[in-house]
Every structure is written in C-alpha cells, then in structure tokens.
Visitor: 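Below you will find the structure I want to go over with you.
Small disclaimer: the values here were computed from a predicted structure and weren't measured. Numbered from 1 within each chain, the chains take letters A, B, ... in sequence-line order. These numbers come from the heavy atoms of this one structure, side chains and all, not from hydrogens, waters or symmetry mates.
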There are 2 protein chains.
Amino acid sequence: MKDLKRKKLKARGWTIGSAADFLDLTAEEAEYIQMKFALARLLVTKRHHKNYSQTELANRIGSSQSRVAKLERGDPSVSMDLLVHSLFALGVTRKELARAIGARRGRRPEVSVE
Amino acid sequence: MKDLKRKKLKARGWTIGSAADFLDLTAEEAEYIQMKFALARLLVTKRHHKNYSQTELANRIGSSQSRVAKLERGDPSVSMDLLVHSLFALGVTRKELARAIGARRGRRPEVSVE
DNA sequence: TCATACTATGTCAGATCCGACATGATTGCA
DNA sequence: TGCAATCATGTCGGATCTGACATAGTATGA
C-alpha cells in the first residue's frame, strides 16, 4: 500500500461484475470506490427527488447527459471533484454529504427533499 | 448557479487573503472550498499524529513534498481525489472523513490517533 | 554565522479528466 | 409496430491535474 501511482493506473479500468469483486483491491482502493459509489447514489437520489432527467441535470450543471450517466455509475473516468461539484449544485449540504459518506452500505443515506 | 464551467475556471486561481474572502463566491463554490479545506486540515492532523514530515508522507503515497504542501494548503491545483486518496493511504476511515466534512469550522475534527 | 531539517511556491511535460457527440438499449405509449 | 423519452457506453480534442524539480523561506541547533 505504498505506491499510489500503481493503484491509480490499475483502477482506471476496474472490472466490477458481482458484489464481491473488491477482493483484489487494497483497503485503500475499496474505501475510495465505496465513497465514490456513496456519492453517486446520493446524486441519483437527489435527482429523482427533483424529478430531473439526466439531460435536465446535465444542463443545470453545465455538462452532458452522458457524463451524468457516468457520474451516477461511479465510472472510473469521473472524479470525485465533479461528483461533489454536481451534488452541491443540486443543493446538497456538506452535512448530507458527510452522512452519505459515513453511512454503511445497505442503510439508505437518509436524504431530505429540500 | 447554472454554469459549472464558469465557476471552475474562476476558481482556478482564487485569491484567499483574509478570512472574509469568500464573499464573491457562490454558495456552491464556498461549500466546495470549505470541504476541501476540511480534508486538508484532516491530512495535516493525521500526518502530525504519525510524526511524518511532508517528504515522508510524499514517499508513502508516491508523490512529492511539494505536492503534499499544496494538498495541505488546499491549493487550487490539487483535486479532492488526491486528497481523499492520500487520507485513505494514511489509514483514515470513511467515518472520520465524514466527520471532518460535516463538522462546522472551529470545532476540531475530533480525530483518533489510530 | 553555518548547516540541517522542514515547508512553501513556481514551472513544466505527460497523464488524466472533461464536455460533446454518436450510437445502442430499454421502456412506455399511441 | 412506430415513436419519443430516458439512460448507457465509446470516443476524441482540449482542459486540467500530477509528479518532479528548482528554489526560496523559516526555524533550530552548533
């Protein structure tokens, strides 16, 4: 767990199929991906609460439908920066964000509908 | 608050001097920067707890001293991805991360010394 | 004063990510 | 069935970020 570069390269094209595919990931990678997915789920939830399509959301944050789709999938090609920016653009607070990140998977993030 | 691109460009060289320089930032930008700083502070705290120099930390995460300095300063040139990766590499948990993000400024993040 | 350790700042080439576009899959409705 | 709406996936040029390096500032001790 000493070389971050190696991980980054490897992570570029992760092969998530089943739920147990985190097996050959380091603890650090797993934490990062889980966090990314937590943010992605929050984004989907928020968008649904506002009844936006991916295209509508894309327009609001100055992006494209395809990128929004990737955001919501936790695609390796999207950064946390973009996820976080998008969430804040949707009116999510740091507190909500924190809750989503800290929550154990399975429990719903417990979002409020603004 | 409709165009994320505009903000990103503007944010590239923010001019933080005094504490009240967030004045011409949108709420979204402010949230993002505050979150970034929260992560940066957590990184410094964790590093100090482990008695690492910036150089030592840099080696452990496969980076350089200068980049660590920028990470800890919340420099506009570093991403949240790198911050989060570095924190996880230091053994921080998602729970700790969430606490740091959700905490109001002023209150210490309440980290544990591992 | 000098030397050593630590941190901050600027720069750059190469790596990565972005918005945009094309295209396919799926669903539901006429 | 045809059609419109929605979401997924691949690709690409350009924008952004990264590690590395050089260099400067600061503090401590000899």
Visitor: Heavy-atom nearest nucleotide on DNA chain C for Ser79(A) versus Glu56(B): which residue maps closer to 5'?
Guide: Glu56(B)
Visitor: Report yes if at least one side-chain N or O of Arg73(B) is closer than 4.0 Å to OP1 or OP2 of dG10(C); otherwise report no.
Guide: no
Visitor: Do the side chains of Glu56(B) and Lys50(B) get close enough for a salt bridge, i.e. N-O under 4.0 angstrom?
Guide: no
Visitor: Do the non-hydrogen side-chain atoms of Val78(B) and Arg73(B) ever get within less than 4.5 Å of each other?
Guide: no
Visitor: How long is the span from the CG atom in Leu71(A) to the CG atom in Leu57(A), to the nearest 0.5 Å?
Guide: 8.0 Å
Visitor: Look up atom CG in Leu87(A) and atom CG in Leu42(A), then write down how far apart they are to the nearest 0.5 Å.
Guide: 5.0 Å
Visitor: Whole-Å distance between dC18(C) P and His85(A) NE2?
Guide: 10 Å
Visitor: Report the distance from atom CG of Asn59(A) to atom OG of Ser53(A), rounding to the nearest 0.5 Å.
Guide: 8.0 Å
Visitor: Arg94(A): which residues meet the salt bridge (Lys or Arg N to Asp or Glu O under 4.0 Å) condition with it, sequence neighbours left out?
Guide: Glu31(B)
Visitor: Any non-hydrogen side-chain atom of Glu28(B) less than 4.5 Å from a side-chain atom of Tyr32(B)?
Guide: no
Visitor: In whole Å, what is the span from the CG atom of Asp75(B) to the P atom of dA20(D)?
Guide: 17 Å
Visitor: Between Leu83(B) (CG) and dC17(D) (C1'), how many Å, whole number?
Guide: 13 Å
Visitor: What is the distance from CG of Asn59(A) to P of dA5(D), rounded to the nearest Å?
Guide: 14 Å
Visitor: Looking at residues at least two apart in the chain, or sitting in another chain, which of them share a side-chain contact (heavy atoms from CB on, under 4.5 Å) with Ala58(B)?
Guide: Val68(B)
Visitor: Using 4.0 Å as the upper bound for N to carboxylate O, is an ion pair formed by Glu72(B) and Arg47(B)?
Guide: yes
Visitor: For nucleotides 10-13 of chain D, which of its nitrogen or oxygen atoms have a protein nitrogen or oxygen under 3.5 Å away, and what is each distance?
Guide:
| unit_1 | atom_1 | unit_2 | atom_2 | d |
| --- | --- | --- | --- | --- |
| dG10(D) | N7 | Lys70(A) | NZ | 3.2 |
| dG10(D) | O6 | Lys70(A) | NZ | 3.1 |
| dT11(D) | O4 | Lys70(A) | NZ | 3.1 |

Visitor: Can you tell me how far P of dT16(C) sits from OH of Tyr32(A), to the nearest Å?
Guide: 13 Å
Visitor: Students often get this wrong, so: under 4.0 angstrom with heavy atoms, is Ser64(B) touching a base, only sugar-phosphate, or nothing?
Guide: base
Visitor: Rounding to an integer number of Å, can you tell me how far Asp81(A) CG sits from dC17(C) C1'?
Guide: 10 Å
Visitor: Please report the end-to-end axis angle for the helix from dT1(C)-dA30(D) to dC29(C)-dG2(D), five pairs per end, rounded to 10 degrees.
Guide: 30°
Visitor: Any N/O pairs under 3.5 Å between the protein and nucleotides 23-30 of chain D? List them or say none.
Guide:
none

Visitor: In the structure I gave you, are the side-chain heavy atoms of Met80(A) and Leu39(A) within less than 4.5 Å of one another anywhere?
Guide: yes
Visitor: Atom CE of Met80(B) and atom C1' of dC17(C): how far apart are they, to the nearest Å?
Guide: 16 Å
Visitor: Describe the nucleic acid contact of Val68(B) in one word from base, sugar-phosphate, nothing, applying a heavy-atom distance below 4.0 Å.
Guide: nothing
Visitor: Looking at the side chain of Leu82(A), which of dG19(C), dA8(C), dT18(D) is the nearest nucleotide?
Guide: dG19(C)
Visitor: Quick one: does Ile61(A)'s side chain get under 4.5 Å of His85(A)'s, heavy atoms only?
Guide: no
Visitor: In this structure, how many angstroms lie between the C1' atom of dA20(D) and the CD atom of Gln54(B), rounded?
Guide: 15 Å
Visitor: Test of understanding: with side-chain contact (heavy atoms from CB on, under 4.5 Å), list the residues that count as partners of Gln65(A), not counting sequence neighbours.
Guide: Gln54(A), Thr55(A), Ala69(A)
